[in-house]
Amino acid sequence: MDKDEIAAAQAYVRLLEATRAALSDPDDMPVYLPLLTSPMEEADRALSGAGLSGNEDRLFALVQALRPNLSGDGR
């Protein structure tokens, strides 16, 4: 895993965590959705820079290597 791939996987994880936070309270969701713009742009740039745009299998393998419990299945 090279530094660009690590950066892309980390950006994806930050986006995922920000999205989960924004969607955690449906009543406040419209207020928080605009806050996802920056993490989405960061993830897009990082994925493109690492050559991972359109290569979800590789991205998810990298994320799994960085954060094995991210799936939330408790393992």
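Just so it is clear, the values below take in all heavy atoms, side chains as well, and ignore hydrogens, waters and symmetry mates. We're numbering straight along the sequence, starting at 1.
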Has the side chain of Ser48 got a donor or acceptor atom that lies under 3.5 Å from a matching backbone atom of Asp44?
no

Measure from the side-chain N and O atoms of Glu17 to the backbone N and O of Arg14, and report whether any donor-acceptor pair falls under 3.5 Å.
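No: the side chain of Glu17 does not pair with the backbone of Arg14.
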
Taking all heavy atoms of [X] and all of [Y], pick out the closest pair and write down the distance.
{"X": "Leu66", "Y": "Ala9", "answer": "CD1-CB, 3.3 Å"}
{"X": "Ala46", "Y": "Ala7", "answer": "CB-O, 4.1 Å"}
{"X": "Ala18", "Y": "Pro39", "answer": "CB-CG, 4.2 Å"}
{"X": "Pro26", "Y": "Pro30", "answer": "O-CD, 3.9 Å"}

Is it the case that one hydrophobic cluster holds both Met40 and Leu35, taking links as side-chain heavy atoms less than 4.5 Å apart, direct or via other members?
no

Does one hydrophobic cluster hold both Val63 and Leu16, with members joined at side-chain heavy-atom distances below 4.5 Å?
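Val63 clusters together with Leu16.
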
Taking atom [atom1] of [X] and atom [atom2] of [Y], what is their separation to the nearest 0.5 Å?
{"X": "Glu42", "Y": "Gln10", "atom1": "CD", "atom2": "CD", "answer": "9.0 Å"}
{"X": "Leu52", "Y": "Asp57", "atom1": "CG", "atom2": "CG", "answer": "11.0 Å"}
{"X": "Asp4", "Y": "Ile6", "atom1": "CG", "atom2": "CD1", "answer": "9.5 Å"}
{"X": "Leu36", "Y": "Leu23", "atom1": "CG", "atom2": "CG", "answer": "7.0 Å"}
{"X": "Arg58", "Y": "Leu47", "atom1": "CZ", "atom2": "CG", "answer": "12.5 Å"}
{"X": "Arg67", "Y": "Leu62", "atom1": "CZ", "atom2": "CG", "answer": "14.0 Å"}

Restricting to ring pair (Phe, Tyr, Trp, His ring centres under 6.0 Å), what partner residues turn up for Phe60, sequence neighbours left out?
Tyr12

